[in-house]
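The structure appears below as C-alpha cells.
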Amino acid sequence: MKTLIKNATVVFPTGAARASVLLEGDRIVSIDAPSTTTAEQVIDASGLHLLPGVIDDQVHFREPGLTHKEDLAHASRACAAGGVTTFLEMPNTKPPAVTVEAVRDKERLAAAHSLVNYGFYIGATSENVDQLRKVDGVPGIKIFIGSSTGNLLVDEQAALERIFAETELPICAHCEDETTVRRNAERFAGNDDVAVHSQIRSAEAAWIATRRAIDLARRHQHRFHVLHVSTAAELELLADPAPLVTAEVCPHHLFFNIDDYPRLGSLVQMNPSIKTAEDNRGLWQGLLEGRIQVIATDHAPHTLEEKQQPYPASPSGLPAVENSLPLLLDRAAAGACTLEQIASWMSDAPARVWDIVGKGRIEVGYAADLVLVDMQARRTIRNAEQHTKAGWSPWDGVELTGWPVKTWVGGQLVFDQGRFESTVRGRKPLFDHARGGYWSTHDGIGVE
Ligand code: DOR
C-alpha cells in the first residue's frame, strides 16, 4: 500500500521545507515525490506540518495487573491521538517485569492490543542481575533508586554497584534519595496537605540521587539516562557527563509548580514532585541548551477516585501521553521553541538514546511513523475527550494552539481527526545497542 502526503511542511532535523512524502509498506520511500506520483491514498497536507512520530520513552500503561487504571488498548489509542507512534513502558506492572519471561509476556499483550509500536524495559531488583544480563530486544534496564508506585526499590550501594558493573544494557533510573524522602516523611507525618509532597520529595532528594547515579555511571563507564529531571539544580550535574549520560524532562515538570497545588491538589502529585516556577524556567533552559535531550511523559494514570483520597493515601502519577505533543506545539506556536527542536526532543533523541533503528526522523528508508499537525488549530483539553482509561487530564480546561490531525504507524493511518483504525497493531522496534546511544555518530545509517 502506498500513501502520498502532498505539500506538507516537513520537519527535518535540519529545518522545515515543503515536500511530498511517499510511504510504501512501513517505510518512507521518497521525500521529494514528483507531482506525477500515484498512490492508493493521497493526502493534501497544504498548510499542515509533518513531524516524525513521537517516541515516548517513559510511560506506565499498567497492563498486566493494574488494568482498572489503564490498559494497552486505551493507552495506545491515547498515544495515536497524541502523535505518539512508539512507547517504551516501565516495569512496575503486576507482576513486575523483572524477568525475561515477564517482559516477553508484556510484548505478547502489546502485539495483541497496541495500536502503536512498543518496547518494554526490564526492571532491576537486588537479585536479578542474571535476568538483566540475559534479556534482549529491550530498550534498557530501569532502576528505581527511589521508591514510587510498586515495590521496585534498589537502594543498597552494593546492589547498585553490581548492576552497573555486571550488565551491558543502557540503564535509566528514577532518582530520588530514599533516606532523605523517608526522613522528610517522618517530619510531615500526619499532615494531609498534598503540598507537603514537594517538601518530602524535595529538591535535595532529587539532587542526591541523581548525583549518586551519575557517579555510578562514570565509575563503571556505563551508559545512563536520568529520567524525569525535576529541578534546575540537577542541570549542574549534567554539565560534564556527556557522552555517557543523557537526561529527560516531563511536561508536568515544565508546566506545573508548587503554586498549582491549591488549584489541582493531588492531580499534580507526582514522583519526583513538582517544584518551583524557577525550576520550570531552568528546565526549559536546560532543554534549549541541550543539557536535557529528551521530553517524555511518565504517563502514570490512577483513577480519579484513587487520586481523591486524602494525602498521603492519594497515589502519585498523572496521565499525559495524549497531551504532551499538543502542549509542546503550543509552546512552538508562542515562539518559545521551534518544531525542529520538538522533533529532536520527542522523536530523534529518544531513538538515539535507546538505539532504536530507523525511527525518529523523516528520511528515506526510515519508518513511516508520522504525525501531521495543524498549527492553526485551537482547542481545549477536556477530561471527557481523553482516551486514557483513567479519563482525566491535569490540563483539563487548558486551551492550546497546534494539534495532531493524523497519525501513521508503520505506514498505516491509525488516527484521523478523532477516528481510529482499530485493527492496526504496532510492532517492537529493533534496539541495536551496538550503535552506542545518543552521542554516537550513526546519522544516516538509521535503516533496518
Ligand atoms: O508519580 C509517579 N508515579 N512517578 C513514577 O515514576 C511512577 C508512577 C506510577 O507508576 O504511578
Side-chain angles (χ1 to χ4, degrees), residues 56-72 75 87-98 106 120-121 123-124 140-155 171-178 181 185 194-198 200-202 205-206 209-210 213 225-231 234 247-256 258 260-261 264-275 294-307 309 311-321 324 388-390 392-394:
D56 190 334
D57 81 3
Q58 195 193 171
V59 300
H60 301 265
F61 283 173
R62 312 300 195 200
E63 191 169 347
L66 298 160
T67 50
H68 68 286
K69 298 176 194 275
E70 185 66 288
D71 59 33
L72 290 162
F87 67 80
L88 305 181
E89 210 254 3
M90 288 296 162
N92 59 336
T93 35
K94 227 171 158 182
V98 295
K106 287 174 83 168
F120 294 95
Y121 294 92
I141 296 167
K142 162 75 181 281
I143 312 179
F144 283 89
I145 294 181
S147 62
S148 194
T149 303
N151 57 358
L152 283 179
L153 176 68
V154 183
D155 189 32
I171 294 176
C172 60
H174 180 121
C175 298
E176 286 183 293
D177 182 56
E178 197 60 20
V181 170
V194 67
V196 300
H197 192 67
S198 292
I200 294 173
R201 292 190 173 256
S202 60
T210 300
H225 184 68
V226 188
L227 297 167
H228 42 41
V229 176
S230 63
T231 65
E234 284 164 281
E248 80 187 28
V249 65
C250 301
H252 50 273
H253 291 129
L254 290 170
F255 301 127
F256 290 128
I258 51 174
D260 291 303
Y261 280 125
L264 293 166
S266 62
L267 297 187
V268 288
Q269 179 193 330
M270 278 298 290
N271 303 334
S273 65
I274 53 168
K275 305 291 191 313
V294 173
I295 296 178
T297 60
D298 196 10
H299 177 89
H302 301 281
T303 66
L304 267 182
E305 209 181 1
E306 290 167 335
K307 287 294 266 184
Q309 297 168 86
Y311 185 80
S314 48
S316 295
L318 53 81
V321 78
S324 59
T388 169
K389 196 169 181 186
W392 62 276
S393 163

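Just so you know, ligand 1 is whichever comes first in the structure, and atom 1 is the first atom listed for that ligand. Keep in mind that what you see is a predicted model, and the values were worked out from it rather than measured.
- Of all atoms in ligand 1, numbered sequentially from 1 with element shown, those under 4.0 Å from a heavy atom of Asn92 are 9 (C), 10 (O).
- At the shortest separation from atom 9 (C) of ligand 1 among protein heavy atoms lies Thr149 OG1, 3.1 Å.
- Ser230 and Lys275 form a side-chain donor-acceptor contact under 3.5 Å, judged by distance and modelled atom types alone.
- Considering backbone and side-chain N/O atoms, Gln269 never comes within less than 3.5 Å of an N/O atom of ligand 1.
- Residue contacts with ligand 1 for His174 involve side-chain atoms from C-beta outward but no N, CA, C or O (heavy atoms, distance under 4.0 Å).
- The single protein non-hydrogen atom nearest to atom 4 (N) of ligand 1 is Asn271 O, 2.7 Å, given as residue, atom name and distance.
- Counting heavy atoms under 4.0 Å from ligand 1, residue Met270 touches it through both backbone and side chain.
- For Lys307 (side chain) and Ser266 (main-chain N/O), a donor-acceptor pair under 3.5 Å exists by modelled atom type.
- By the criterion of a heavy-atom distance under 4.0 Å, the side chain of His302, and not its backbone, is placed next to ligand 1.
- At a 3.5 angstrom cut-off on N or O pairs, Gln58 does not count as close to ligand 1.
- Listed by number with element, the atoms of ligand 1 under 4.0 angstrom from any heavy atom of His228 are 6 (O).
- Residue contact check for ligand 1: Arg62 places a non-hydrogen atom closer than 4.0 Å to it.
- Here the side chain of Trp392 pairs a donor or acceptor atom with the backbone of His302 at under 3.5 angstrom.
- Summary of contacts: the protein heavy atom closest to atom 3 (N) of ligand 1 is Ser316 O, 2.9 Å.
- Contact annotation for Ala300 and ligand 1: only side-chain heavy atoms (C-beta onward) come within less than 4.0 Å of the ligand.
- The shortest contact between atom 7 (C) of ligand 1 and any protein heavy atom is with Ser148 OG, 3.3 Å.
- In the model, His225 has a side-chain atom that pairs as donor or acceptor with a side-chain atom of Glu248 under 3.5 Å.
- Taking every heavy atom of Gly317 and a limit of under 4.0 angstrom, the matching atoms of ligand 1 come to 1 (O), 3 (N).
- In Leu227, neither the side chain nor the backbone holds a heavy atom less than 4.0 Å from any atom of ligand 1.
- Checked by atom type and distance alone, the side chain of Thr67 never pairs as donor or acceptor with a backbone atom of Glu70 at under 3.5 Å.
- Checking Ser198 against Tyr261 by side-chain atom types alone, a donor-acceptor pair falls below 3.5 Å.
- In this structure, a donor-acceptor pair under 3.5 Å is present between the side chains of His197 and Asn271.
- Arg201 has a carboxylate O that lies under 4.0 Å from a charged side-chain N of Glu176, or vice versa, which qualifies the two as a salt bridge.
- Each of Glu63, Lys106, Arg62 was compared with Thr93 under the side chain to side chain donor-acceptor pair (under 3.5 Å) criterion, and only Lys106 meets it.
- No donor-acceptor distance shorter than 3.5 angstrom exists from the side chain of His174 to the backbone of Leu153, with no hydrogens or angles considered.
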